[in-house]
Amino acid sequence: MASRLPDPGADERAHSERLLQLLRTQIASQGPMPFAQYMERCLYAPGLGYYSAGKTKFGAAGDFVTAPELGGLFARCVVNAVQPVMAMLGEQADFLELGGGSGAFAEAALLAFADAGVPPRRYLILEPSADLRERQRERLATALPAGLNARVAWLDRPPEDGWRGVLFANEVVDALPTTRFTLRTGEVYEEHVALDGEGRLMRTDRPADALVAGAVRHLERDLGRPFEDGYRSEVLPQLPYWIQAVAGSLEAGVMLFVDYGYVRREYYLAERRDGTLMAHYRHHAHADPLYLPGLNDLTASVDFTALAEAGNSAGFGVAAYLPQAPFLLASGLQGVFEQAYAQAADDLARHRLAQEVRRLTMPEQMGERFQAMLFARGLDALPLAAELLAADQGGRL
C-alpha cells in the first residue's frame with residue numbers, strides 16, 4: 001500500500017512521529033484506544049492532528065478537493081436554495097457554516113448573498129482549527145469588500161442563545177470520529193487501536209459497550225436482518241447528541257448538509273464487509289488509517305438515514321433529500337453557469353467552468369456520490385423552490 005503513495009518529506013515524517021509518540025504513550029498507559037478516539041486524535045489533536053496543524057489540506061496543493069474549491073458555482077447554488085429562507089426570516093437572519101475549510105465557500109457565498117440583496121446579519125464560521133481560522137480570516141479580508149467582511153465572525157462553540165437563519169455543513173459529518181464495529185458469534189465488538197510487541201500500531205477488537213451495541217442492534221432492527229459474523233463497518237452513536245449540540249439553539253430556519261454517503265440499506269450492503277473508512281493523502285485514497293497518523297484525512301461515508309433520525313430527534317423535520325446533481329440543478333445551476341460563462345475573461349476560464357459543472361454533477365464524479373439533506377424547524381411555511389421540493393427523494397430514507 002505505502003509503495004504506491006507519495007513519499008512524505010522529512011518534516012512530515014517527524015510531524016507524524018510526534019503524534020505517534022503521543023498515541024503510544026496514551027495506549028501504553030490506558031490500554032487499547034477505541035478507533036473513534038484514535039481518529040479524533042489523528043484529526044484534531046492540538047498542533048498535531050490533521051486539521052490542527054499547518055499543512056495545506058484543500059485543493060491541488062493539499063490532499064483532496066471539495067466542491068467549493070472547484071470554483072464559485074456550488075456556493076452560488078447553495079445561496080439560491082436558502083435565500084428565500086433568509087428573506088423570510090428578515091434582517092435578523094444569520095448564516096452559520098460548520099468548518100470553513102479554506103474560506104472558499106464563505107467568499108463565494110457572501111458575494112452571492114450580496115448580489116441577491118439579502119446579506120446575512122452575521123456570517124458565522126464554527127471552526128475548531130486555529131490554523132484554518134487564520135487562513136480563512138486572511139482570505140476573506142483580502143477578497144471581500146470591507147462592509148461585507150465585517151459581517152463575518154468566528155465561533156469557538158455553537159451559539160448558546162437562540163438564533164434564526166441557516167446552518168450549512170459541507171463534508172463535515174464524514175469527518176466526525178467514527179466507531180468501527182464487527183460481529184463475532186452474534187455479539188457486537190468495537191474496533192480499537194493497540195500496540196504490537198514492537199510498539200507499532202495495530203487494530204484489535206474488544207466487546208462493545210452498551211451504547212455501541214445498542215446502536216448496532218438498532219441498525220439490525222431497521223434493516224430487518226442481523227449482520228453476519230465478520231461483517232465490519234461504522235456507526236455514529238453520538239450523532240443525535242452532536243446535532244443537538246450544533247443546532248439545538250436554531251429556533252427557526254433550515255439546516256443543509258452536503259456530504260458523500262448512502263441511505264442505510266445501501267450503506268450496510270452485505271457485500272460491503274469492511275465498511276467505508278478511507279484515508280486521503282495527497283489526492284491518493286487508501287485503506288490504512290494507521291499509516292502516518294496526522295498526515296492523512298480520515299473519513300467514513302455518511303448514513304443519511306441516521307442523519308435524518310438525528311435531525312428528527314433534535315426537533316427538525318427533513319424538508320428534502322436528494323443527490324447533489326439534482327440539488328444543484330434545482331437550485332439554479334444552469335442559470336448560475338450561464339451567467340459566469342458570459343462573464344468569463346477568456347477561453348481558459350470558460351473551460352474551467354465547464355469542468356467545474358462536470359465535477360459537480362456527473363454520476364462518476366460528485367453528482368451521485370454526494371447527497372444533500374435539508375432540515376427545517378420553526379417556519380410557518382417552507383420557502384424552498386418548487387423544483388427542489390419536486391426533486392426530493394426522501395422516500396428512499
Side-chain angles (χ1 to χ4, degrees), residues 1-2 5 8 12-53 55 57 63 128-129 172-184 187-217 219 227 230-242 245 273-281 285-303 306:
M1 182 280 303
L5 296 176
E12 283 189 309
R13 286 193 179 275
H15 177 93
S16 180
E17 183 62 29
R18 287 193 292 273
L19 177 58
L20 187 55
Q21 287 300 330
L22 178 70
L23 294 167
R24 285 178 178 139
T25 298
Q26 183 171 341
I27 294 170
S29 63
Q30 301 178 18
M33 177 183 295
F35 183 84
Q37 189 179 114
Y38 169 80
M39 183 171 170
E40 189 275 333
R41 298 288 189 274
C42 288
L43 296 181
Y44 304 111
L48 296 174
Y50 180 80
Y51 285 109
S52 302
K55 181 174 176 286
K57 285 86 177 171
D63 298 296
S129 167
V172 171
V173 179
D174 68 86
L176 294 180
T178 190
T179 295
R180 294 267 288 170
F181 71 89
T182 190
L183 278 293
R184 292 186 185 178
E187 297 300 317
V188 182
Y189 282 71
E190 181 178 356
E191 186 174 303
H192 286 63
V193 177
L195 300 175
D196 68 11
E198 298 180 5
R200 293 172 300 199
L201 299 179
M202 59 176 285
R203 291 193 268 181
T204 187
D205 299 324
R206 309 185 92 185
D209 62 20
L211 179 64
V212 172
V216 174
R217 297 308 185 197
L219 295 177
F227 291 113
Y231 190 90
R232 189 177 299 269
S233 194
E234 305 87 27
V235 67
L236 284 173
Q238 78 274 27
L239 189 57
Y241 310 103
W242 182 80
R273 294 183 56 81
D274 197 37
T276 68
L277 181 73
M278 293 296 294
H280 298 270
Y281 179 65
H286 64 93
D288 185 2
L290 306 186
Y291 176 69
L292 294 176
L295 300 187
N296 293 267
D297 182 33
L298 304 180
T299 71
S301 295
V302 177
D303 172 1

Do the side chains of L236 and D303 get nearer than 4.5 Å, heavy atoms only?
no

Can you find a pair of side-chain heavy atoms, one from R24 and one from L20, that are under 4.5 Å apart?
yes

Taking the side chain as every heavy atom from C-beta outward, state whether L195 and L201 have any atom pair closer than 4.5 Å.
yes

Identify the heavy atoms of L19 and C42 that sit nearest to each other, and give their distance.
CD2-CA, 3.9 Å

L292 vs E12, side chain to side chain contact (heavy atoms under 4.5 Å, CB included): CA-CA, chis, key distance, verdict:
CA-CA 9 Å; L292 294 176; E12 283 189 309; over 6 Å; no

Holding to side chain to side chain donor-acceptor pair (under 3.5 Å), I want the full list of residues that pass it with D205, two or more places apart in sequence or in another chain.
R184, R232

CG/L43 to CG/L48 distance, rounded to the nearest 0.5 angstrom?
12.5 Å

For the residue pair A213 and A208, what are the closest heavy atoms and their distance?
N-CB, 4.1 Å

Looking only at heavy atoms, which two atoms of G47 and H15 are closest? And how far apart?
O-CE1, 3.5 Å

Nearest heavy-atom neighbours spanning T178 and A300
CG2-CB, 4.1 Å

For D209, give me all partners under side chain to side chain donor-acceptor pair (under 3.5 Å), at least two apart in sequence or on another chain.
none

Is any side-chain heavy atom of P293 closer than 4.5 Å to a side-chain heavy atom of R41?
no

Side chains of V193 and L23, heavy atoms from C-beta outward: is any pair under 4.5 Å?
no

How would you list, by chain and number, every residue that makes a side chain to side chain donor-acceptor pair (under 3.5 Å) with S301, sequence neighbours excluded?
R369

Distance from R203 atom CZ to D196 atom CG, nearest 0.5 Å?
14.0 Å

Sequence neighbours excluded, every pair satisfying side chain to side chain donor-acceptor pair (under 3.5 Å) that has a member inside residues 29-39:
Q26-Q37

Please check: side-chain N/O of E234 versus main-chain N/O of T276, any donor-acceptor pairing under 3.5 Å?
yes

Any chance you could measure Q238, atom CD, to T179, atom OG1, to the nearest 0.5 Å?
5.5 Å

For P8 against L295, the heavy-atom pair lying closest together:
CB-CD1, 4.3 Å

Once rounded to the nearest 0.5 Å, what's the spacing between atom NE2 of H286 and atom OH of Y281?
9.0 Å

Sequence neighbours left out, what passes side chain to side chain donor-acceptor pair (under 3.5 Å) with T182? Give chain and number order.
none

When rounded to the nearest 0.5 angstrom, what distance separates OG1 in T299 from CG in L176?
11.5 Å

Side chains of D297 and M278, heavy atoms from C-beta outward: is any pair under 4.5 Å?
no

Under 3.5 Å, side chain of S129 to main-chain N/O of Y51, donor-acceptor pair present?
yes

With heavy-atom distances below 4.5 Å as the criterion, would you say the side chains of P289 and M39 are in contact?
no

Could you work out, with ring pair (Phe, Tyr, Trp, His ring centres under 6.0 Å) as the rule, every residue matching F227, not counting sequence neighbours?
F181, Y231, Y268

May I ask you to decide whether R180 forms a salt bridge with D274, counting only side-chain N to carboxylate O separations under 4.0 Å?
yes

Nearest 0.5 Å, please: how far is CD in E191 from OG1 in T204?
9.0 Å

Is there a side-chain contact between Y50 and N296 (heavy atoms, below 4.5 Å)?
no

